[in-house]
2 protein chains.
Amino acid sequence: MKKIPKISESEWQIMKLLWAKNPSTANEMVEKLSPTTAWKPKTIKTLLNRLVKKKAVGYEKKGREYHYYPLAEKSECVKAESHSFLRRVYNGATKPMLAAFLENEDLSPEDIKELKRILNKKGRG
Amino acid sequence: MKKIPKISESEWQIMKLLWAKNPSTANEMVEKLSPTTAWKPKTIKTLLNRLVKKKAVGYEKKGREYHYYPLAEKSECVKAESHSFLRRVYNGATKPMLAAFLENEDLSPEDIKELKRILNKKGRG
DNA sequence: CTTTCAAGATTACATTTGTAATCCATACAG
DNA sequence: CTGTATGGATTACAAATGTAATCTTGAAAG
């Protein structure tokens, strides 16, 4: 298993964009983030630089701009962050965490059906 | 709803101890943490101080020691941290998050049964 | 009472993070 | 060709965090 770099709260925003559209230019990301954040373009460049330094992101020069792409795998990062959360908040106990979410969060009947389906498959496995 | 202070990774360790045994002395916590962390006692005192400053923890003087107790409510902190995680990693989408955990984490047959029970109750609700 | 030792208060310091502004080089406008 | 604007590189700076050492004070020991 490769080692995944630690990705901060703000950096996660960037990574999610890159996983969704690979590759992206800095300006594309500025566009996509402008409705949801108040970040100045320079801020986004800084975050990209840090991610490059952490080897979470790579780039290729295309004309005057860079085309950035994720180096860290989404599934790995999600797993790491999930486990970190689970450990921090629930001492690593999966079931209580799931129970809390199932009880407290809104779920549509379709969601519930889908989750039951997963549980059934799991039970049989 | 009251505003809950931001609790860092390390501080969570402290808060969990205080929620589990309320109140606790600093030395009790040092004891409890010594198997799991490499923190020096002074480090733990620092974390307690910061939590006091953040109003997440209070204390009462008892003889020469303080008896520390949580001011922030566990359920509130757990909820805040959960939502933060959900937003950061899953853009706030509960179902995909649950599906990922259900599929990837180990669950005993009893766990599965219990979770199904919760889902059934939810479905009926 | 006085000394001392340990709790807590204060201070320390590097790293990470959030948030950007300024500097520099070069691809395009003319 | 030359000037300029823009993308990226470098620098900036405060707050938060991890991790702890030193200072201060008062309770306990004698």
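- Between A:Glu11 atom CD and C:dT19 atom P there is a gap of 12 Å when expressed in whole angstrom units.
- A donor-acceptor distance shorter than 3.5 angstrom exists from the side chain of B:Thr36 to the backbone of B:Leu33, with no hydrogens or angles considered.
- Whole-Å rounding puts the B:Lys62 NZ to D:dA27 P distance at 15 Å.
- Set against D:dG18, C:dT19, D:dG7, the side chain of B:Arg50 has D:dG18 as its closest nucleotide.
- A:Ile7 and A:Cys77 make their closest contact through CD1-SG, 3.7 Å (heavy atoms, listed as atom of the first residue, atom of the second, distance).
- Look at CG on A:Leu48: it is 12 Å from C1' on D:dG7, rounded to the nearest Å.
- For the pair A:Glu11 and A:Arg50, the salt-bridge criterion is not met [side-chain N within less than 4.0 Å of a carboxylate O].
- Positionally, the nearest nucleotide of DNA chain D for B:Lys54 lies more toward the 5' end than for the other of B:Lys54 and B:Lys42.
- Atom-to-atom, CG of A:Leu47 to P of D:dA9 comes out at 14 Å; the value is rounded to the nearest Å.
- At least one side-chain nitrogen or oxygen of A:Lys40 sits closer than 4.0 Å to the OP1 or OP2 atom of C:dA20.
- Contact annotation: A:Thr46 side-chain N/O to C:dA20 OP1/OP2 distance is not under 4.0 Å.
- The side chain of B:Asn27 sits closest to C:dA7 out of C:dG8, C:dA7, D:dG7.
- Among the nucleotides C:dT19, D:dA20, C:dG8, the one closest to the side chain of B:Thr43 is D:dA20.
- Between B:Arg88 and A:Glu81, at least one side-chain N (NZ, or NE/NH1/NH2) sits under 4.0 Å from a carboxylate O, which counts as a salt bridge.
- Put simply, A:Asn49 has no side-chain N or O that comes within less than 4.0 Å of OP1 or OP2 on D:dT10.
- Candidate nucleotides C:dG8, D:dT6, D:dA28 were compared by shortest atom distance to the side chain of B:Arg64, and D:dA28 ranks first.
- Look at A:Lys95 and B:Glu110 and you find no salt bridge, because none of the NZ, NE, NH1 or NH2 atoms lies under 4.0 Å from a carboxylate O.
- With rounding to whole Å, A:Lys6 atom NZ is found 10 Å from D:dT17 atom C1'.
- Note: CG (B:Leu51) to P (D:dT17) measures 10 Å, nearest angstrom.
- Side-chain N/O atoms of A:Trp39 include none lying less than 4.0 angstrom from OP1 or OP2 on C:dG18.
- Using a 4.0 Å heavy-atom criterion, one finds that A:Ser10 contacts the sugar-phosphate atoms exclusively.
- Across the protein-nucleic acid pair, A:Gln13 atom CD and C:dT17 atom P stand 15 Å apart, rounded to whole Å.
- Between B:Tyr59 and C:dA7 there is no side-chain N or O to OP1 or OP2 distance below 4.0 Å.
- Here A:Lys45 does not reach the OP1 or OP2 of D:dT6: none of its side-chain N or O atoms lies under 4.0 Å away.
- Residue contacts shown for B:Ser8 are limited to sugar-phosphate atoms, with no base heavy atom under 4.0 Å away.
- The interatomic distance linking B:Arg88 (CZ) with C:dT17 (P) rounds to 12 Å, in whole Å.
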